[in-house]
Structures are given as structure tokens and as C-alpha cells.
Amino acid sequence: MAKPIKILVTGGLGYIGSHTVVELQQAGYEVVIIDDCSNASEAVLEGIAAITGKPPHFERFDLREKKKVIDFFNRHPDIKGTIHFAASKAVGESVEKPLLYYENNLGSLVYLLQQLTGRGRRSFIFSSSCTVYGQADALPITEGAPVKPAESPYGNTKQIGEEIIGDTCRVHPELQAISLRYFNPIGAHPSNMIGELPMGIPQNLVPFITQTAAGLRKELSVFGDDYPTPDGTCIRDYIYVVDLARAHVVALQRLLEEGNQENYEVFNIGTGTGTSVLEVIHSFERVSGKALNYQIVGRRPGDVTQAYADTSKANKTLGWKATTALDQAIKTAWDWEQKIRAL
């Protein structure tokens, strides 16, 4: 029996990382997680094991510690693929602490790539973001859309991160890399064993909705209803987190196969459908049977009016497509919220 391929997942206890670990293990890969638990809990390992029947290997350390990164790869020379989630991701905090974000998000990426080059053929998937597009000139957004000046240090780290990977791949043809530009992940695993666990005040819409409905927040603020959209609120592309996690598995499979022409590719990962803030609220009210306490307030500086993906490249090249309806994804988020409040 062939030995399973070993894959490193950095930030594998986080929201998207943990769901991806589940999909990797269910696809037959052996997974090793590195996470410093600065924005995640070791308890997530129990959820992963409950779903898959097998706990992944886990090492707790900070990827900014270069010597520990070197030591890790010396101890695991058989790692064939790396999926890199580990990064600080709060836009507001990045504005206040730019050097922290540049050190954490770019330093760790450089240290990983240094270890992945010169070891023969290796595969690398980068957790990128649709923030690289800013307010796109045309919708839906294709991978060929211009990368706009970043609105925050966080967004800039994603742009620079992609440039670092592209530059590295140009001189290291043995490195096979893909950047996945996520749109807006939502929901929780259908098992209700893992889900989003925001630290402090949620940065994203759906956990703020579920926390408001659960009584943790007084009300939800809707930032502006005077945008040039059908109902006046901002439009985004909300993708179910399990669909997103599965995109990483098919991207990894593409990298591990021999014979692809380019050694660095970029894909949008979204649903291809734009949904307004009010439509998300109404979806929640439908699936929960609860009226949500929300208030229309002034616009928030820096908010993009509309952003949704053209996913045809991922659909055609990767053979991947988001399949989960908004109401279904929202229901998993609400089920998860109720579970963690009951603990």
C-alpha cells in the first residue's frame, strides 16, 4: 500500500485552515499542522479528529522564528506540498500596526519558500484575497483585472506575497505554486464540529449577524444604504467555507500532477454571484426564523461598492465549482453559533 502524501498546512487550526485539513485528510493525505495559536485554539484538533477519525500531526510555533522553520523542514524532508494560511488578517489592526503585519505575513512566507526551494519538486498554495483587486473596473472580476493600490497594509501583504511567490517561481522551476484569491468565506462544517471562532469583535458580516442574534452584540450596523446597488447596500461574493476548502484539494492535486505548463497560477475562488448585505440579513432571518436587530448607519471609509468573482478559470482549469446555496451556508453558521453558545 502506497504511503500517503504528506502535506503541511500552516495556520491549520484557523477557520479556513481547519476546514481544509478535514478535506485533505478525507482525500487521503497525511497532514501536518503548524500554528502558533495566536488566533486559534488547540481544541480545534478535537473537532478535526471527530470528523475524520484521525487527529492530524500538530506542532505549535511561530513561523517568524526562522531557526524553527529550518528545523521543521529538516525533520520533515518528505513534505511534498504546503498550504500557507498563517497570517494576521484584520484590516483595521493592520492600519494601526503595519510593521507587525509586514513582519508576520511576509517574513513567514519568505522563510517557508526558502525551505521549499532546492529540495526537488515541491507544491505551494498561497492563501490570497480578492482585496488585491480593490474596487474593480469591471464585474464580475477576472484574474486578469488590474491589481489596485492596496487599501491597507493587510491587503498590501497579499499583493506583495503574490509577487514574492511569482519572483521565486521564475528562478525555481521545481517549485509549483498557486495563489487562491478568496472572496468572502462563510459558514461552518455540516458536522457542527468546527466553524468560525472570531477573537473579539468579528471583522466579517456573518459572524456579526449570528452573534447579534445570539445576544452577544446589541445590534448589527449596516454601513450605508445609498450605494448604486439594487437595495443600496454593498455587494460581495459569499462562498461556503467547505466549498472553499475543497478548492485547495483540487488545486493541490493539479500541482502534484506532472506536466502543467506554468509553475505559478492564480485563481479566483468564489461563487460568481454578488449578494448584498441586506440579502444576507434576509437569508439569516429565513433560515433562523428570527428577526435581526440591525441599524442603517453611515458608510464606512474604504468599503468597496461591489466585488464578486468570475470563477470560469477555476471551473474550467481546476474542475472546481462552488455548489452550496447561501441559505444552506448561513444555516450552518447559525447552527455553529448556537452550539458554541451552549457550551
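Keep in mind that this is a model prediction, so the values were computed, not measured.
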Chemist: Would you tell me whether Glu162 and Ser128 have side-chain atoms, one donor and one acceptor, within less than 3.5 Å of each other?
Modeler: yes

Chemist: Do we see a donor-acceptor contact under 3.5 Å between the side chains of Tyr182 and Ser127?
Modeler: yes

Chemist: Tyr240 and Thr271: side-chain donor and acceptor closer than 3.5 Å?
Modeler: no

Chemist: Can you confirm whether the side chains of Arg181 and Tyr133 place a donor and an acceptor under 3.5 Å from each other?
Modeler: yes

Chemist: Output yes when Asp327 and Lys331 qualify as a salt bridge under the 4.0 Å nitrogen-oxygen rule, no when they do not.
Modeler: no

Chemist: Does the side chain of Asp225 pick up a donor-acceptor pair with the side chain of Thr233 at under 3.5 Å?
Modeler: no

Chemist: Is any NZ, NE, NH1 or NH2 atom of the basic residue among Asp243 and Lys321 found under 4.0 Å from an Asp or Glu carboxylate oxygen of the other?
Modeler: no

Chemist: Any side-chain donor paired with an acceptor under 3.5 Å for Asn268 and Thr311?
Modeler: no

Chemist: Between Glu196 and Asn204, does any side-chain donor sit less than 3.5 Å from a side-chain acceptor?
Modeler: yes

Chemist: Report yes or no: do Leu216 and Met199 belong to one cluster of Ile/Leu/Val/Met/Phe/Trp/Tyr joined by side chain heavy-atom distances under 4.5 Å?
Modeler: no

Chemist: May I ask you to check whether Glu59 and His76 show a side-chain donor-acceptor distance below 3.5 Å?
Modeler: yes

Chemist: Please determine, by modelled atom types, if Thr142 and Asp310 share a side-chain donor-acceptor pair under 3.5 angstrom.
Modeler: no

Chemist: Salt-bridge test for Asp36 and Arg64: reply yes if a basic N is under 4.0 Å from a carboxylate O, no otherwise.
Modeler: no

Chemist: Flag yes if Leu244 and Phe183 sit in one hydrophobic cluster, no otherwise; membership is Ile, Leu, Val, Met, Phe, Trp, Tyr, and two members link when side-chain heavy atoms are under 4.5 Å apart.
Modeler: no

Chemist: Please check if any side-chain donor atom of Thr82 sits under 3.5 Å from a side-chain acceptor atom of His84, or the reverse.
Modeler: no

Chemist: State whether a side-chain donor-acceptor pair under 3.5 Å links Tyr154 with Glu93.
Modeler: no

Chemist: Please state whether the rings of Phe124 and Phe126 are parallel, tilted or perpendicular, taking 30° and 60° as the class boundaries.
Modeler: parallel

Chemist: Less than 4.0 Å between a side-chain N and a carboxylate O, is that true for Arg170 and Asp167?
Modeler: yes

Chemist: Salt bridge between Asp71 and Arg75, side-chain N to carboxylate O under 4.0 Å?
Modeler: yes

Chemist: Between Ser18 and Leu13, is the side chain to side chain contact (heavy atoms under 4.5 Å, CB included) condition met? List the steps.
Modeler: CA-CA 5 Å; Ser18 60; Leu13 298 183; 5.8 Å; no

Chemist: Under 4.0 Å between a side-chain nitrogen and a carboxylate oxygen: does that hold for Glu23 and Arg246?
Modeler: yes

